Protein chains: 2
Amino acid sequence: MKNLTKRQAEILYYIKDEIENNGYPPTRSEISKTFGFKSPNAAEDHLKALKKKGVLDLAAGTSRGITLSNQSSGIPVIGLVSAGGPILAEENIEKTIPNNPGILSHGIDFYLKVKGDSMIDVGIFENDLIAINKNIPVKTGSIVVARINDEVTVKTLTKISDSQVILRPENSSYSDIEVNPKKDNLIFEGTCVGLLRDFS
Amino acid sequence: MKNLTKRQAEILYYIKDEIENNGYPPTRSEISKTFGFKSPNAAEDHLKALKKKGVLDLAAGTSRGITLSNQSSGIPVIGLVSAGGPILAEENIEKTIPNNPGILSHGIDFYLKVKGDSMIDVGIFENDLIAINKNIPVKTGSIVVARINDEVTVKTLTKISDSQVILRPENSSYSDIEVNPKKDNLIFEGTCVGLLRDFS
DNA sequence: ATAAATACTGTATATAATTACAGTTATGAA
DNA sequence: TTCATAACTGTAATTATATACAGTATTTAT
């Protein structure tokens, strides 16, 4: 996705929101009213800019003819995470799947494709997609996505203090992972809020 | 949902389809063109009838102002199935959750809330929602929803013939269920195409 | 330094869209 | 039989909407 300006992002977000709430996109006038524009042409200009950047499409001569591109309406699925950069970096996004507000009780920032069998005792299997929320504060008992010295892992958080964090694999063949946040580089990427499995 | 006429169901389905494909609902003219009506008022009449029956809502003076009710856009979640009637009977529907075309590779007719632990070895846990497609022909190896003498169960289908059907619980503590379709009343309600779990 | 992009105001217009009113025909229920 | 519902045709008017053109001011790349 090309870099959107702050204003453009606001407008895209508003359109997304309107579609979620009303079931149909806003008109130029509605956009203008919301943002306080005195001319519908301000909205028109923004829509053209957003179209140019590929985040939406406009059907000519069609009222409310705004379609969000999959990219901007979908939720990214993260496969293997490359070392270094942020988890949501373009190179980590395997695909996007349509957003479904209301399907889970918490918001979903991304899906992570599960590797390995370290969580099978709680029914998380290889290739399952776990739904991650980045903003819920991590707490003991939650299943979290943690990055320890640049390696991304999914575990149950069983203890968290300044000097010791314990991450538990939910599989009796594995042992707890102890991390000292003062020595190791530990980042919590989010909390698991749901699971999606496709039998195909 | 009040009983829709065949025509009304066709029109509702078309609207649903348009929203899925375009991202916005059709106009009266577009509906009329699709169904060959010579007057946009035919569509208007249908919309009013559908609104009266509660399956959609119309925003006055608003182009494409059609919102599908949750009931008609969502997918039913089936909790406990009462004996007798069809699985999708109103009384079995616990709630509906928004439809998300594209989230799984097969269509979803309903979700079934899992009871018991008979499928934990394949990661299906109590209270998980399994996504069911009614129309995929059942085959060995699939996880199916079967109704045996009016009791609904989820198992792996391991053998199917005229005289013997074997349903396997995926939990080493349970034994295979053998059914003789000639003697017992066996109905396949659908095939499991996915799984949804909400950590809340 | 200059061009291009961003972020608007202001005006105007063709046309897209809703929606009312007046009918017709058929069907099933009271 | 008569009334309500369903399923349309046909016309028309108001208003909702897209969208072009002409500007202005600011910021950002080159």
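Residue numbers start from 1 in every chain, and the chains themselves are labelled A, B, ... in the order their sequence lines are given, proteins ahead of strands. Here the structure is a predicted model, which means the values were calculated and not measured.
Checking B:N133 against B:T191 by side-chain atom types alone, no donor-acceptor pair falls below 3.5 Å. Checking A:D121 against A:N171 by side-chain atom types alone, no donor-acceptor pair falls below 3.5 Å. A:Y24 and B:T67 share no side-chain donor-acceptor pair at under 3.5 Å.
Nearest-nucleotide positions on DNA chain D for A:G65 and B:A49 put B:A49 closer to the 5' end. Both B:D45 and B:A59 sit near DNA chain C, but only B:A59 has its closest nucleotide nearer the 5' end. The residue among B:S63 and B:I11 whose nearest nucleotide of DNA chain D is located toward the 5' end is B:I11. Between A:G61 and B:P40, the residue anchored nearer the 5' end of DNA chain C, judged by the nucleotide with its closest heavy atom, is A:G61.
Between the side chain of B:N41 and the base of C:dT19, no donor-acceptor pair of N or O atoms lies under 3.5 Å.
Taking atom CZ of residue B:F37 and atom P of nucleotide C:dT18, one finds them 15 Å apart after rounding to whole Å. Atom CD in A:E10 sits roughly 14 Å away from atom C1' in C:dC8 (whole-Å rounding). As rounded to whole Å, 19 Å separates atom P of D:dG23 from atom CD of A:E44. As rounded to whole Å, 15 Å separates atom C1' of D:dC8 from atom CG of B:L50. C:dG28 atom C1' lies 19 Å from atom CZ of B:R7, rounded to whole Å. Atom P of nucleotide C:dT19 and atom CD1 of B:I31 are separated by 12 Å, given to the nearest angstrom. Distance B:L47 CG to D:dC8 P: 13 Å, rounded to the nearest Å. When rounded to the nearest whole Å, the span between CD1 of B:I15 and P of C:dA17 equals 15 Å.
Taking 4.0 angstrom as the limit, B:H46 places none of its side-chain polar atoms (N or O) nearer than this to OP1 or OP2 of D:dA6. The side chain of B:K53 contributes no N or O atom lying less than 4.0 Å from OP1 or OP2 of D:dT5. At the phosphate of C:dA5, neither OP1 nor OP2 sits under 4.0 Å from any side-chain N or O atom of A:Q8. Side-chain N/O atoms of B:R64 include none lying less than 4.0 angstrom from OP1 or OP2 on D:dA16.
B:R168 places no side-chain N or O within 3.5 Å of a backbone atom of B:T156 that could act as its donor or acceptor partner.
Nucleic acid contact class of A:K48 (heavy atoms, under 4.0 Å, all strands): sugar-phosphate only. A:S39 comes within 4.0 angstrom of a nucleotide base, judged by non-hydrogen atoms across all strands. Residue B:R28 is classed as a base contact, given a heavy-atom separation below 4.0 Å to a base. Within 4.0 Å of A:A60, counting heavy atoms only, lie sugar-phosphate atoms of the nucleic acid but no base atom. Counting non-hydrogen atoms under 4.0 angstrom, A:S29 reaches nothing in the nucleic acid.
For the pair B:R147 and B:F188, the cation does not sit on the ring face, since its NZ or CZ is not both under 6.0 Å from the ring centre and inside 45° of the axis.
For B:F199 and A:H106, the ring centers sit 6.0 Å or farther from each other.
In the set C:dA17, D:dA6, D:dT19, the nucleotide with an atom closest to the side chain of A:T62 is C:dA17. You'll find that the side chain of A:T27 is closest to D:dA18, out of D:dA18, C:dT6, D:dT9.
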